Engineer: 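This is the structure, below, for whatever I ask next.
The basis for the numbers below is simple: all heavy atoms, side chains too, and nothing from hydrogens, waters or symmetry mates. Everything numeric in this text was worked out from a predicted model, so none of it was measured.
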There are 2 protein chains.
Amino acid sequence: MELLEILKSLSNETRLNILTWLKDPLAHFPEEELSDETPQLGVCVSDIAKKAGMSVPTVSDYLKTMSAAKILLATRKGQWTYYKRNEQLLQDLANHIKYKL
Amino acid sequence: MELLEILKSLSNETRLNILTWLKDPLAHFPEEELSDETPQLGVCVSDIAKKAGMSVPTVSDYLKTMSAAKILLATRKGQWTYYKRNEQLLQDLANHIKYKL
DNA sequence: TAGGTAATTAGGTAATTTCCTAAATTTGTA
DNA sequence: TACAAATTTAGGAAATTACCTAATTACCTA
């Protein structure tokens, strides 16, 4: 777990928002954008970009940054890349702060 | 607790190092720089700057940033400003990540 | 295979962060 | 009062981050 990389990737308001939106996609994305695979796969780049009100390339780069830090997990399926939270890493992060930092 | 402000103040290698050094000053600062008040007060700016290998103004500013985020607590005593960790806030941060984020 | 949609990569400008030196302030002491 | 030590504030150069548009790549389907 690369603590500094993780903290850097969380130190931006939009990226932090994305993380919270992905905690409960049903509550934060329009129903028609979600499928029954959303819980497994996550949400695709353009839907997240729309929600963030930012360009697709910018958000794509943010998501890549967060995946590199392992905060998010990416799944490519056809033309789409879906991103979801890595709950295990977030628990590891919390534990690291609690007991190690 | 201002999550984004806290995460920003932790997203720098030197600031993160300072936080870990202050967890155990005895292990990270020369004995002659410490007093029996160190556990209560913390460590002063110039000692931390020396350990970090950076200028006093830079480190003073880092410490101020971390105090503003309430990660550190400052005590002015005479000409010195001592900084120590705010353990309560770090526990709050860990819990927030674990249960809220 | 051509055209369309989704995503990524490339390249750039603006804003922010990093970290310095010099100057000013605060406090203790001769 | 005057000088010294610790810190903070001010101001600035260099590096990084934030975000955009344009171009390219990946993949699907007619």
Engineer: Whole-Å distance between C:dT17 P and A:Lys8 NZ?
Structural biologist: 13 Å
Engineer: Would you give the length of the straight line joining atom CG of A:Leu41 to atom CG of A:Asp36, rounded to the nearest 0.5 angstrom?
Structural biologist: 9.5 Å
Engineer: First and last nucleotide of DNA chain D in contact with chain A, 5' to 3', at under 4.0 Å to a heavy atom: what are they?
Structural biologist: D:dA18 to D:dC28
Engineer: Could you check whether B:Glu37 pairs with B:Lys77 (Lys NZ or Arg NE/NH1/NH2 to Asp/Glu carboxylate O, under 4.0 Å)?
Structural biologist: yes
Engineer: Would a distance-only check, ignoring hydrogens and angles, find a side-chain to backbone donor-acceptor pair under 3.5 Å from A:Lys84 to A:Leu22?
Structural biologist: no
Engineer: For the CZ atom of A:Arg15 and the OG1 atom of A:Thr20, what is their distance to the nearest 0.5 Å?
Structural biologist: 14.0 Å
Engineer: Just to be sure I understand the geometry, which residues of residues 50-58 of chain A put a non-hydrogen atom under 4.0 Å away from DNA chain D?
Structural biologist: A:Met54, A:Ser55, A:Pro57, A:Thr58
Engineer: Between residues 22-44 of chain B and DNA chain D, which residues have a heavy-atom gap below 4.0 Å?
Structural biologist: B:Cys44
Engineer: How many angstroms lie between atom NZ of A:Lys8 and atom CG of B:Leu10, to the nearest 0.5 angstrom?
Structural biologist: 12.5 Å
Engineer: Evaluate the criterion side-chain contact (heavy atoms from CB on, under 4.5 Å) for residue pair A:Trp80 and A:Val45; output intermediate values, then yes/no.
Structural biologist: CA-CA 8 Å; A:Trp80 295 274; A:Val45 177; over 6 Å; no
Engineer: Would you say B:Glu13 has more than 12 foreign heavy atoms packed within less than 6.0 Å of its CD?
Structural biologist: no
Engineer: Using the side chain to side chain donor-acceptor pair (under 3.5 Å) rule, collect all pairs that involve residues 59-72 of chain B, keeping only residues at least two apart or in two chains.
Structural biologist: none
Engineer: Any side-chain heavy-atom pair from B:Leu72 and B:Leu19 closer than 4.5 angstrom?
Structural biologist: yes
Engineer: Measure the spacing between NZ of B:Lys23 and CG of A:Leu101 and express it to the nearest 0.5 Å.
Structural biologist: 7.0 Å
Engineer: Of A:Gly78 and B:Trp80, whose closest DNA chain D nucleotide lies nearer the 5' terminus?
Structural biologist: B:Trp80
Engineer: Step through the shown structure and confirm whether more than 12 heavy atoms of other residues, nucleotides or ligands are within 6.0 Å of CD on B:Glu31.
Structural biologist: no
Engineer: Ignoring hydrogens and geometry, is there a side-chain-to-backbone donor-acceptor pair from B:Arg76 to B:Thr81 under 3.5 Å?
Structural biologist: no
Engineer: Hey, could you give me the CD1/CG distance between A:Ile97 and A:Leu93, rounded to the nearest 0.5 Å?
Structural biologist: 4.0 Å
Engineer: Classify B:Tyr82 by what it touches in the nucleic acid, base, sugar-phosphate, or nothing, heavy-atom distance under 4.0 Å.
Structural biologist: nothing
Engineer: Of all of residues 59-76 of chain B, which get a heavy atom below 4.0 angstrom from DNA chain D, listed by number?
Structural biologist: B:Ser60, B:Lys64, B:Arg76
Engineer: Between CG of A:Leu3 and OG of B:Ser11, what distance do you get to the nearest 0.5 Å?
Structural biologist: 10.5 Å
Engineer: Taking for each residue the nucleotide of DNA chain D with the nearest heavy atom, is it A:Gln79 or A:Arg15 whose nucleotide lies nearer the 5' end?
Structural biologist: A:Arg15
Engineer: Need the bend value for the helix from C:dT1-D:dA30 to C:dA30-D:dT1: angle between end axes, 5 pairs each end, nearest 10°.
Structural biologist: 10°
Engineer: In whole Å, what is the span from the CD1 atom of B:Ile18 to the P atom of C:dC19?
Structural biologist: 10 Å
Engineer: With no hydrogens and no angle check, do the side chains of B:Gln88 and B:Asp92 hold a donor and an acceptor under 3.5 Å apart?
Structural biologist: yes
Engineer: For C:dC19, does either OP1 or OP2 sit under 4.0 Å from a side-chain N or O belonging to B:Asn12?
Structural biologist: yes
Engineer: Quick one: A:Leu4 CG to C:dT17 P, roughly how many Å, whole number?
Structural biologist: 15 Å
Engineer: Could you give me the CA-CA distance, side-chain angles and deciding distance for A:Leu16 and A:Asn12, then say whether side-chain contact (heavy atoms from CB on, under 4.5 Å) is met?
Structural biologist: CA-CA 6 Å; A:Leu16 206 51; A:Asn12 170 280; over 6 Å; no
